[in-house]
Amino acid sequence: MIDFELNTQQRMLKEALHDMGKSVIRPQSLGWDREKTIDLGFLRNFYMMSQSLRGENNPMEDFNEGPKNRDPGKPVQTNRTAAMGAEELAWADASIMLSLPGPGLGGPPIRASGTPEQKERFFSIFRDMSDELRWGAYGLTEPGAGSDVAAIRTSCKRDGDAYILNGRKCYITMGGRASWVVIFATVDPALGRAGHRAFVVEKGTPGFFVGKIEEKMGLRANETAELVLEDCRVPAANLLGGEEKYQTKEGFMTAMKTFDNTRPLVAAMACGIGRAAYEYARDFVKDNYVLGRPIPRYSAIAERLARVGRNLEAARILTWKAVWMADHHLPNAKEASMSKALAGQAAIWACIEAIEICGAHGTLSEDHALLEKWFRDIKVYDIFEGTGQIQRIVISKRLLTDLRAF
C-alpha cells in the first residue's frame with residue numbers, strides 16, 4: 001500500500017527548510033536574481049548547516065550517493081525526502097536548489113551505473129567541503145540534441161588506455177564550477193542509442209573547458225554553462241560502469257535511469273514555485289476582497305484559485321507516487337514522466353493565474369516583484385529534463401505497452 005505519511009525526521013526537516021526559506025532565502029531572492037549569482041558565503045553556510053542533516057534525511061548527500069549500509073532490496077525514503085526538500089527550497093527560491101554544492105544531477109548516473117571504485121572516487125570529494133565547495137554536473141544536452149537524446153553527436157574514440165572526446169554541451173547546470181561532469185558521447189552516431197557512452201570528465205582535463213555562461217530569462221542566480229571538448233583525453237577508468245556495461249544499450253539506459261530519478265525532483269520543484277504563486281495570490285485576495293459577497297467576479301476568482309490549488313495538489317501526489325516507487329525499487333518511468341508533465345503545466349498555470357488575479361500589482365509593483373520572478377523561473381520546468389512533449393510521448397508508449405498486455 002502506498003504511504004505518503006512523512007516520518008518525524010522528515011517533518012522536522014520540512015519545517016526547518018520552510019522556516020529558513022521564509023526568513024533567510026526569500027529576503028535575498030530578488031537580489032540574487034538581479035546580481036545573477038548566489039553569494040558563496042551563503043552557500044557555504046547552508047552547506048555547513050546541512051551537515052547536521054546527515055543520514056537518511058540529507059537530500060543533498062544521500063540522494064546522490066545512496067544510503068549507507070542498507071539492504072539494496074529494502075525500501076528507503078531517500079527519494080521522498082529529496083522531493084520534499086526540493087519543493088520547500090523551490091518555494092523559497094528555485095535557484096538555490098539548483099546551486100547547492102554537491103554531486104547535483106551528476107550524482108544519480110554514477111550511483112546507478114558506476115563501479116564501486118568510481119563511486120568512492122567521485123563522491124568522496126564531497127564528504128568534506130569545509131575548506132572548498134565543490135559541484136558535480138550532468139552533460140547530456142547539445143545544440144542539436146536536447147529532448148532527442150539519441151541524436152547526441154559528441155564523439156568518443158578509444159585510444160590506448162584513454163578515450164578522445166570531441167563536441168559541445170550546452171545548458172549545463174553548474175557546469176562552469178563543477179569538479180567533474182558526467183558527459184554522454186557516442187562511438188558512432190549511426191548506432192543510435194547503442195553507441196552511447198557515459199564518462200566522468202574531471203575539471204582541468206586537457207581539452208575540456210568552459211564556454212559561455214548563459215544569459216537567461218529565469219533562474220538567473222543559477223549558473224548555466226556551455227562546455228567544450230576538443231581532443232579531450234579521458235582515462236578509460238572514467239568510463240562509467242566499464243566497457244562491459246555498453247555491450248547492449250546500457251549507455252542510453254544510463255541516461256534514462258537518471259531521468260527516472262530526477263524528473264520527479266523537477267516536478268517537486270515546479271510544485272514549490274507553483275505553490276509560492278498560489279499562496280501569494282490567495283493571500284492577496286484575502287487582503288483585498290471579501291469573496292463571500294455576491295459579486296460574480298469574486299466567485300470567478302474563488303473558482304480560479306480552487307482550480308489552481310487542486311491541480312497543484314494532484315501534481316504533488318503524482319510526484320510522491322513516483323518517488324515512492326523509486327524508493328521501493330519499482331520501475332517508475334511512466335510515473336516520473338507523468339509527474340514532470342503535470343507539475344510543470346500546473347505550476348505555469350498557477351503563476352499565470354496569480355498574475356492575472358493580482359492585476360497590475362502582479363508585475364509592476366516592486367512590492368510584488370517575487371511574483372514576476374516566479375513567472376520567469378517556472379517556464380523552464382516544462383522544458384529541461386525532457387520537454388512536456390517528450391513526457392507525453394514516454395507516457396503514451398508506456399500506456400500502450402500496458403494495454404497490449406490485456
Which distance, rounded to the nearest 0.5 Å, do you find between the [atom1] of [X] and the [atom2] of [Y]?
| X | Y | atom1 | atom2 | value |
| --- | --- | --- | --- | --- |
| L30 | L370 | CG | CG | 4.5 Å |
| D327 | Q77 | CG | CD | 6.5 Å |
| L219 | D377 | CG | CG | 4.5 Å |
| W320 | I2 | CH2 | CD1 | 13.0 Å |
| R263 | S337 | CZ | OG | 4.5 Å |
| D188 | K157 | CG | NZ | 12.0 Å |

Item to complete: Assess the pair F384 and Y171: is the distance between their ring centroids shorter than 6.0 Å?
Response: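 So the answer is no for these two rings.
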Worksheet entry | Stepwise side chain to side chain contact (heavy atoms under 4.5 Å, CB included) check, C156 with F199 | CA-CA 10 Å; C156 58; F199 300 87; 3.7 Å; yes
Side-chain heavy atoms of [X] within contact of [Y], under 4.5 Å:
| X | Y | value |
| --- | --- | --- |
| M269 | L89 | no |
| W324 | L330 | yes |
| F208 | E202 | no |
| N238 | V201 | no |
| R304 | E356 | yes |
| S179 | F122 | no |
| Y47 | L100 | no |
| M338 | K321 | no |

Fill in: Ring-face cation of R26 near W91 (centre distance under 6.0 Å, axis angle within 45°)
yes
Please report the closest heavy-atom contact between [X] and [Y], naming both atoms and the distance.
| X | Y | value |
| --- | --- | --- |
| A268 | A83 | CB-O, 3.4 Å |
| I164 | D231 | CG2-CA, 3.7 Å |
| R376 | E372 | NE-OE2, 2.8 Å |
| L6 | Q10 | CA-OE1, 3.4 Å |
| E335 | L318 | O-CG, 4.5 Å |
| T262 | L105 | CG2-CD2, 3.7 Å |

Taking only residues two or more places apart in sequence, or in another chain, which ones meet [X] in a side-chain hydrogen bond (donor to acceptor under 3.5 Å, both in side chains)?
| X | result |
| --- | --- |
| D159 | R233 |
| T154 | E142 |
| T224 | K216 |

Item to complete: List for me each residue that meets ring pair (Phe, Tyr, Trp, His ring centres under 6.0 Å) alongside W135, sequence neighbours excluded, and say none if there are none.
Response: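 Applying ring pair (Phe, Tyr, Trp, His ring centres under 6.0 Å) to W135 gives none.
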Discussion item. One pair to check against side chain to side chain contact (heavy atoms under 4.5 Å, CB included): E353 and Y278. What are the steps and the verdict?
Written reply: CA-CA 8 Å; E353 289 283 64; Y278 164 74; over 6 Å; no
Discussion item. Atom OH of residue position Y163 - does it have more than 12 heavy atoms of other residues, nucleotides or ligands inside 6.0 Å?
Written reply: yes
Fill in: Heavy atoms from other residues, nucleotides or ligands near CH2 of W32 exceed 12 (cutoff 6.0 Å)
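Yes, CH2 of W32 has more than 12 neighbouring heavy atoms, counting only those of other groups under 6.0 Å.
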Mark yes or no for whether [X], through its side chain, and [Y], through its backbone, hold a donor-acceptor pair below 3.5 Å.
| X | Y | value |
| --- | --- | --- |
| R197 | I183 | no |
| K340 | A267 | no |
| E385 | P264 | no |
| R134 | I125 | yes |

Practice prompt. Go through T78 and V323 one step at a time and tell me if the side chain to side chain contact (heavy atoms under 4.5 Å, CB included) criterion holds.
Written response: CA-CA 9 Å; T78 302; V323 296; over 6 Å; no
Counting only pairs under 3.5 Å, give me each side-chain donor-acceptor contact of residues 308-315, with atom names and distances, residues two or more places apart or in other chains.
| from | atom 1 | to | atom 2 | distance (Å) |
| --- | --- | --- | --- | --- |
| N311 | ND2 | R307 | O | 3.3 |
| E313 | OE1 | R316 | NH1 | 2.7 |

Practice prompt. May I ask you to say whether R11 pairs ionically with E5, meaning some side-chain N is under 4.0 Å from a carboxylate O?
Written response: yes
Fill in: Trace of the side chain to side chain contact (heavy atoms under 4.5 Å, CB included) decision for E87 with K14
CA-CA 9 Å; E87 179 178 341; K14 185 177 187 297; over 6 Å; no
Fill in: With K212 via side chain to side chain contact (heavy atoms under 4.5 Å, CB included) - residues at least two apart
E214, E226
